[in-house]
Trainee: 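Can you read through this structure? Questions will come right after.
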2 protein chains.
Amino acid sequence: MVKRTSFEGDACPIARSLEALGDWWSLLIIREALFGVRRFGEFQSRLGTAKNILSARLRSLVEHGILETTPASDGSAYQEYVLTPKGRGAFPILVALRQWSEEFDDHPEEIATILVDRDKGRPVKRLEMRAEDGRLLSPADTTLKPRLAPRRSSAKAGPRS
Amino acid sequence: MVKRTSFEGDACPIARSLEALGDWWSLLIIREALFGVRRFGEFQSRLGTAKNILSARLRSLVEHGILETTPASDGSAYQEYVLTPKGRGAFPILVALRQWSEEFDDHPEEIATILVDRDKGRPVKRLEMRAEDGRLLSPADTTLKPRLAPRRSSAKAGPRS
DNA sequence: CAATCTAGTTTCATTATGCAACCACTGGAG
DNA sequence: CTCCAGTGGTTGCATAATGAAACTAGATTG
């Protein structure tokens with residue numbers, strides 16, 4: 001096979017999410033959708049995507065349960081694309097990407113916008129990892145565990161990633 | 001031009017980070033690197049990437065300042081790839097992707113591992129967005145603001161995303 | 001110094017991307 | 001009802017990216 005490798009059956013959850021939204025456009029489409037964009041033409045003009053690509057991506061996102069097509073909304077007979085809960089659940093991913101850019105980009109002055117909380121207009125706090133009891137965790141403070149107790153029989157290489 | 005569109009000059013920080021790590025392999029390479037993988041061959045065997053692709057990705061990650069090549073480390077004359085602070089800073093992105101999978105995947109039973117804190121062995125808490133003062137924020141509680149005061153002269157369409 | 005390992009590069013077939021052209025259906029003006 | 005612009009796509013074609021396998025140069029081992 002010379003197909004682009006798929007991570008569908010992969011046991012790693014990171015690979016699994018990349019399977020659904022790991023290409024150039026999907027996350028940007030979700031970003032626009034989170035800001036209320038619903039119509040094909042609006043996605044197209046805001047993102048500047050070719051229409052065939054946009055069409056393919058929207059279809060893929062619908063298949064993955066991230067977007068839903070609703071037959072109407074404002075009276076017209078056209079359809080709209082709206083986020084499902086799964087789609088809205090991707091918000092932290094976008095925030096993480098945004099904050100990474102804000103912190104490490106080589107030309108931060110080119111970044112046009114900041115994410116603020118609507119009430120106070122102040123930047124949102126950096127996402128942080130915490131333990132169940134609230135302790136702040138660094139990457140080194142974490143580790144991976146097999147999801148279910150491993151087979152008692154073998155001490156072979158455990159599941160990874 | 002029929003080149004793949006680049007987001008380099010884009011003002012949206014999400015697009016900017018996707019420019020650096022928005023392809024299929026980069027994030028997986030960073031994932032492995034976070035778990036201590038350093039050598040070309042180790043990346044190759046753990047990820048199953050073709051060597052030419054891996055070579056190109058590693059080079060790109062080095063160019064973006066996410067990985068660094070260190071000429072030695074264990075005595076041998078080979079080189080290693082280690083994460084820079086910028087690379088380690090991508091950890092929350094990976095955690096966000098992982099948690100999204102854990103929460104919304106259609107077949108969560110196929111996910112092999114959970115991320116736990118090393119001390120207690122308990123799952124890490126879900127990432128949450130908070131305001132400066134600690135209030136929990138939902139997507140709807142946030143909005144985008146232009147980074148610097150917009151030019152006083154024009155009331156044209158403001159910066160987006 | 002021969003065999004093998006590591007870390008790639010090269011070659012070539014297959015896919016995906018992107019632009020432009022085309023087409024079907026809507027919604028409105030007359 | 002008819003014409004006609006706008007919406008929401010699909011199709012075709014050129015180019016770029018991906019992936020498997022073969023090849024290679026330097027390092028390490030024996």
Side-chain angles (χ1 to χ4, degrees), chain A residues 1-10 15 18-29 32-33 36-64 67-82, chain B residues 1-10 15 18-29 32-33 36-64 67-82:
Chain A
M1 246 207 307
V2 201
K3 286 192 59 162
R4 185 197 270 228
T5 54
S6 152
F7 301 118
E8 240 181 273
D10 201 298
L18 290 177
E19 175 71 23
L21 34 78
D23 66 277
W24 288 77
W25 294 111
S26 298
L27 281 167
L28 296 176
I29 290 171
E32 295 299 329
V37 174
R38 293 158 158 260
R39 296 283 284 258
F40 186 96
E42 208 178 352
F43 284 111
Q44 211 252 315
S45 62
R46 290 175 67 114
L47 292 173
T49 342
K51 304 209 288 182
N52 52 352
I53 305 290
L54 179 58
S55 176
R57 286 294 160 270
L58 288 172
R59 199 176 319 136
S60 154
L61 288 169
V62 169
E63 275 164 17
H64 279 97
L67 291 175
E68 243 173 4
T69 56
T70 75
S73 137
D74 68 333
S76 87
Y78 296 112
Q79 68 176 355
E80 299 186 336
Y81 297 89
V82 299
Chain B
M1 251 211 299
V2 204
K3 286 191 58 159
R4 178 141 107 169
T5 52
S6 151
F7 301 119
E8 240 182 272
D10 201 297
L18 289 177
E19 174 72 21
L21 34 78
D23 66 278
W24 288 77
W25 294 111
S26 298
L27 281 166
L28 296 176
I29 290 171
E32 296 299 330
V37 173
R38 291 157 159 258
R39 295 283 285 258
F40 185 96
E42 207 178 352
F43 284 112
Q44 210 252 316
S45 62
R46 291 175 67 115
L47 292 172
T49 342
K51 306 207 289 179
N52 51 352
I53 306 290
L54 179 59
S55 175
R57 285 294 159 270
L58 288 173
R59 198 176 320 138
S60 153
L61 289 170
V62 168
E63 274 163 17
H64 279 97
L67 291 175
E68 242 174 5
T69 56
T70 75
S73 136
D74 68 333
S76 88
Y78 295 114
Q79 68 175 352
E80 299 186 337
Y81 297 89
V82 299

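Naming convention: chains lettered A, B, ... in sequence-line order (proteins, then strands); numbering from 1 in each chain. Basis for what follows: all heavy atoms, side chains included, without hydrogens, waters or symmetry-related copies.
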Trainee: Specify the residue among A:K51 and A:W24 whose closest nucleotide of DNA chain D lies further upstream toward the 5′ end.
Mentor: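 Closer to the 5' end of DNA chain D: A:K51.
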
Trainee: Less than 4.0 angstrom between a side-chain N/O of B:Y81 and OP1 or OP2 of C:dT6, yes or no?
Mentor: no

Trainee: Tell me whether the side-chain N/O atoms of A:S55 come closer than 4.0 Å to OP1 or OP2 in D:dT10.
Mentor: yes

Trainee: Is there a side-chain contact between B:L54 and B:F40, using heavy atoms and a 4.5 Å cut-off?
Mentor: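 The answer is yes; the side chains approach within 4.5 Å.
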
Trainee: Between B:R59 and C:dG8, is there a side-chain N or O to OP1/OP2 distance below 4.0 Å?
Mentor: no

Trainee: Nearest 0.5 Å, please: how far is CD in A:Q79 from OG1 in A:T70?
Mentor: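 So the gap between those two atoms works out to 8.0 Å.
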
Trainee: Are B:Y78 and D:dA25 close enough that a side-chain N or O sits under 4.0 Å from OP1 or OP2?
Mentor: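 No.
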
Trainee: What is the distance, rounded to the nearest whole Å, between atom CG of B:L54 and atom P of C:dT9?
Mentor: 10 Å

Trainee: Need one value for B:F43: base, sugar-phosphate or nothing, where a base atom within 4.0 Å counts as base even if backbone is also close, heavy atoms only.
Mentor: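 Here B:F43 touches no strand at all.
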
Trainee: Just by distance, do the side chain of A:Q44 and the backbone of A:T49 share a donor-acceptor pair under 3.5 Å?
Mentor: yes

Trainee: Roughly how far apart are B:E42 CD and B:E32 CD, rounded to 0.5 Å?
Mentor: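 One gets 8.5 Å once the value is rounded to the nearest 0.5 Å.
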
Trainee: Roughly how many Å is it from CZ in A:R57 to C1' in D:dG8, rounded to a whole number?
Mentor: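 Rounding to the nearest Å, CZ of A:R57 and C1' of D:dG8 are 18 Å apart.
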
Trainee: Could you tell me how far apart A:I53 (CD1) and D:dG9 (P) are, to the nearest whole angstrom?
Mentor: 15 Å

Trainee: Taking atom C1' of C:dT6 as reference, at what distance in whole Å does atom CZ of B:R38 sit?
Mentor: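 In whole Å, C:dT6 C1' lies 17 Å from B:R38 CZ.
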
Trainee: To the nearest angstrom, how far is B:D23 atom CG from D:dA16 atom P?
Mentor: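 B:D23 atom CG is separated from D:dA16 atom P by 18 Å.
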
Trainee: Determine: side-chain N/O of A:W25 to OP1/OP2 of C:dG18, distance under 4.0 Å, yes or no.
Mentor: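 The answer is yes; a side-chain N or O of A:W25 sits under 4.0 Å from OP1 or OP2.
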
Trainee: Do the side-chain N or O atoms of B:R39 get closer than 4.0 angstrom to the phosphate oxygens (OP1, OP2) of C:dA7?
Mentor: yes

Trainee: Under 4.0 angstrom, heavy atoms only, what part of the nucleic acid is B:Q79 near: base, sugar-phosphate, or nothing?
Mentor: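 Sugar-phosphate, backbone atoms only, no base.
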
Trainee: Under 4.5 Å between any side-chain heavy atoms of A:L28 and B:F7, yes or no?
Mentor: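 Result yes, sub-4.5 Å side-chain heavy-atom pair found.
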
Trainee: Roughly, in whole Å, what's the span from CG in A:N52 to C1' in C:dC23?
Mentor: 15 Å

Trainee: Grab the CZ-P distance between A:F40 and C:dC23 for me, whole Å please.
Mentor: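 Taking CZ of A:F40 and P of C:dC23, I get 18 Å after rounding.
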
Trainee: Atom CD of A:Q44 to atom P of D:dT10: distance rounded to whole Å?
Mentor: 13 Å

